[in-house]
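For reference, the structure is listed below as structure tokens.
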Amino acid sequence: MGQSDQGKLTSEISAKETPSLDMKWSRVRHRFESEFGEQAFNTWMRPISFASQDAGTVELTAPTNFVRDWVERHYAGRLKDYFNEDDAHIRDLRIRLARKSDLKPASSMAESPKQTNAAVNSGYAPNNGYANGSVNQSSALEPRYTFDSFVVGKSNELAEAAARRIAESNDVPFNPLFLHGGVGLGKTHLMHAIAWEVKRRAPEKKVQYLSAEKFMFEFISALRFKDTHAFKQRFRNVDLLMIDDVQFIANKDSTQEEFFHTFNALIDNRRQVVISADRSPTDLVGIEDRIISRLGWGLVADIHPTDYELRLGILQTKAEQDGQVEVPVDVLEFLARRITSNVRELEGALNRVLAFATLVGRQVTMDMTRDVLQDLIRANDRKVTIDEIQRAVADYFNLRLSELLSDRRARNIARPRQVAMYLAKQLTSRSLPEIGRKFGGRDHTTVMHGVRKIEELRQEDSQMDDDITRLSRQLDS
Ligand code: ADP
Ligand code: MG
């Protein structure tokens, strides 16, 4: 570092009373943001903290393995370059998982000195007379919505990791956390899970969870009863505020205004805020730009639609939790394949099947499932045809379609034929006789025999199970 740089740096330091490492780190962050943009910055840089610099090695921390791996894979090289612009001696950059002992709030280094004083207080429980609200709220939390019961897959792993980080940390890792995704994909579940976890770990913390609708309702009654002071106090004295479905306050000007003040007050006091919406901040229409921009300051995590694996995982978990009724795997697979709209509907379908089985005291079977869920299945129907199934199976096993449909009984042809029958039974709503007719006019008992055979083989033979899974998935898309 040259003489003049040194001088400049020193004067900045004394002006801001910030150690020079903070300055370097804050420059690195700025460089990152100008190169990769605000979205990448908010998602990946905000959660990262500067830990130490020792000889030629800089150490950063990340809140989760996921963030760490991602940043390492995509940005580590550039981050090192940025450090090198100030300090050519740095040869090595490491990112490790943040430990409990890393008490410093993740973004404190970039905050202005004004706010660092408040940061010191962030882990404590304010002691004031406004506890009533949080007691009320807690009754609204759904006991089922915990981290334990939340199944993680590709589509929701960032959101889940961020939620956990907030629930588990003593500081404010990113603020706010903005969760968005389509209806029924687990936003509310994650917010309740945060609340439960915080209550468990730090019962002294004040947690408020409410829908934006309720927020508005309470604000309006406070206005009516001229009680806005209590309203403000109530929301501004919490450690963690979660507001669900903020799209609801679009075009509600005075509620937005109040929300914005509350939100700013909490963020300035380094209290954690979690927001959800059915769309991203930038897609929120009817909400003021300054609010939208501030909503995007923290971590924005979207929840994508589920894929087949996640749906199956969720069903397995739910079926296990229920525990009363045994649900065969093929029924779970059938549901995961057929009910693709959202998790709420998926759960609804499983519950309906379970309720029916319990009521009539029968075992859950494929036939019963199809019966009970006729309407749902039709609504989600992708309409795979038997012809498509036959073509896909012939392709998969390197046979000609004519061979598959022929009378030949050689194992290498007869088995794939049975696979195709099995899939026809599973994936379409055709009856056994109809399927038989489509397979060169075979009898329905032949079809039934084939279906049973494959059911058995799936249990014993993992290769067979694999083949079926692949074919189903292929036909599904
Ligand atoms: P949203 O608030 O996004 O509309 P919810 O959180 O209300 O969605 O979720 C709808 C239902 O689906 C809830 O019963 C929830 O428990 C369940 N659900 C959603 N995602 C998952 C998941 N990944 N694992 C387990 N259950 C889930
Ligand atoms: Mg919700």
Side-chain angles (χ1 to χ4, degrees), residues 64 66 137 140-167 176-198 207-217 241-250 259 273-281 283-284 295 299-323 327 332-333 335-355 373 376 380:
T64 60
F66 181 67
Q137 271 344 110
L141 293 175
E142 168 61 52
R144 288 185 303 120
Y145 293 174
T146 60
F147 282 117
D148 279 347
S149 65
F150 191 83
V151 183
V152 183
K154 272 202 205 66
S155 57
N156 59 22
E157 66 183 344
L158 176 61
E160 197 265 355
R164 253 188 207 278
R165 166 70 170 154
I166 282 174
L177 169 62
F178 189 103
L179 294 171
H180 70 94
V183 66
L185 295 181
K187 301 181 294 294
T188 300
H189 187 135
L190 278 178
M191 290 174 117
H192 288 209
I194 293 174
W196 286 122
E197 187 62 17
V198 170
V207 178
Q208 277 273 356
Y209 163 87
L210 75 171
S211 64
E213 185 177 7
K214 187 138 196 269
F215 182 88
M216 181 176 96
F217 178 77
L241 176 67
M242 295 193 273
I243 301 213
D244 207 350
D245 291 320
V246 288
Q247 74 276 358
F248 188 85
I249 59 165
F259 167 75
V273 178
V274 181
I275 304 287
S276 86
D278 64 355
R279 64 204 80 170
S280 76
D283 290 338
L284 282 169
L295 287 176
L299 182 70
V300 177
D302 53 348
I303 307 183
H304 300 275
T306 57
D307 55 20
Y308 173 79
E309 270 87 12
L310 180 59
R311 289 197 295 275
L312 191 58
I314 290 172
L315 287 167
Q316 269 158 351
T317 312
K318 306 255 177 212
E320 259 166 46
Q321 272 164 6
D322 180 78
V327 188
L332 296 180
E333 288 175 349
L335 295 177
R337 209 165 31 243
R338 289 308 196 83
I339 317 274
T340 53
S341 44
N342 68 48
V343 184
R344 189 172 298 140
E345 238 182 65
L346 192 64
E347 265 187 335
L350 179 65
N351 286 340
R352 222 204 280 179
V353 172
L354 293 174
L373 299 179
L376 261 185
N380 281 274

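As the structure lists them, so they are numbered: ligands from 1, and atoms in each ligand from 1. In what follows, residues are counted from 1 in the order of the sequence shown. Nothing here was measured: the structure is a model prediction, and the numbers come from that model.
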### Message
Tell me the contacting part of Thr188 for ligand 1: side chain, backbone, both, or neither, using a 4.0 Å heavy-atom threshold, strictly below.
### Response
both
### Query
Side chain or backbone of Ser276 under 4.0 Å from ligand 1, or both, or neither, by non-hydrogen atoms?
neither
Among protein heavy atoms, which lies nearest [atom], and at what distance?
{"atom": "atom 4 (O) of ligand 1", "value": "Gly184 N, 2.7 Å"}
{"atom": "atom 12 (O) of ligand 1", "value": "Val343 CG1, 3.2 Å"}
{"atom": "atom 7 (O) of ligand 1", "value": "Arg344 NH2, 2.8 Å"}
{"atom": "atom 15 (C) of ligand 1", "value": "His189 ND1, 3.4 Å"}
{"atom": "atom 8 (O) of ligand 1", "value": "Gly186 N, 3.0 Å"}

#### Entry: Criterion side-chain contact (heavy atoms from CB on, under 4.5 Å) on Met242 and Val207, from CA distance to verdict
CA-CA 8 Å; Met242 295 193 273; Val207 178; 4.1 Å; yes
If only atom types and distance count, is the side chain of [X] paired as donor or acceptor with the main-chain N or O of [Y] below 3.5 Å?
{"X": "Lys318", "Y": "Glu347", "result": "no"}
{"X": "Trp196", "Y": "Glu142", "result": "yes"}
{"X": "Gln247", "Y": "Asp278", "result": "yes"}

#### Entry: Leu185 N/O under 3.5 Å from ligand 1 N/O
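Right, the criterion is met.
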### Task
Examine Phe150 against ligand 1 and note whether any of their N/O atoms are separated by less than 3.5 Å.
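N/O-N/O distance below 3.5 Å does not exist for this pair.
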Should you measure from each heavy atom of [X], which atoms of ligand 1 turn up under 4.0 Å away?
{"X": "Val151", "answer": "22 (C), 23 (N), 24 (N), 25 (C)"}
{"X": "Asn156", "answer": "23 (N)"}
{"X": "Gly182", "answer": "3 (O)"}
{"X": "Ser149", "answer": "24 (N), 25 (C)"}

### Task
Assess whether side-chain contact (heavy atoms from CB on, under 4.5 Å) is satisfied between Lys154 and Leu310, documenting all intermediate values.
CA-CA 8 Å; Lys154 272 202 205 66; Leu310 180 59; over 6 Å; no
### Task
Would you indicate which of Glu160, Lys318, Glu347 comes nearest to atom 26 (N) of ligand 1 when only heavy atoms are counted?
Lys318
### Query
Are Leu190 and Phe147 close enough that some pair of their side-chain heavy atoms sits under 4.5 Å apart?
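Yes, their side chains come closer than 4.5 Å.
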### Query
Does Ser276 put an N, O or S atom under 2.8 Å from the Mg ion (ligand 2)?
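It does not; every qualifying atom lies at 2.8 Å or beyond.
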### Task
Hey, can you tell me if Tyr209 and His192 have their rings parallel, tilted or perpendicular (30° and 60° cut-offs)?
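Ring orientation, 0 to 90° scale: perpendicular.
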### Task
Show your working on side-chain contact (heavy atoms from CB on, under 4.5 Å) between Met216 and Phe259 and close with a plain yes or no.
CA-CA 9 Å; Met216 181 176 96; Phe259 167 75; over 6 Å; no
### Message
Under 3.5 Å, is there a donor on one side chain and an acceptor on the other for Ser211 and Asp245?
### Response
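On atom types as modelled, these side chains do not qualify, holding no pair under 3.5 Å.
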### Pair Arg311, Thr306: side-chain N/O donor-acceptor within cut-off below 3.5 Å
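A pair is found: one side chain offers a donor N or O, the other an acceptor, under 3.5 Å apart.
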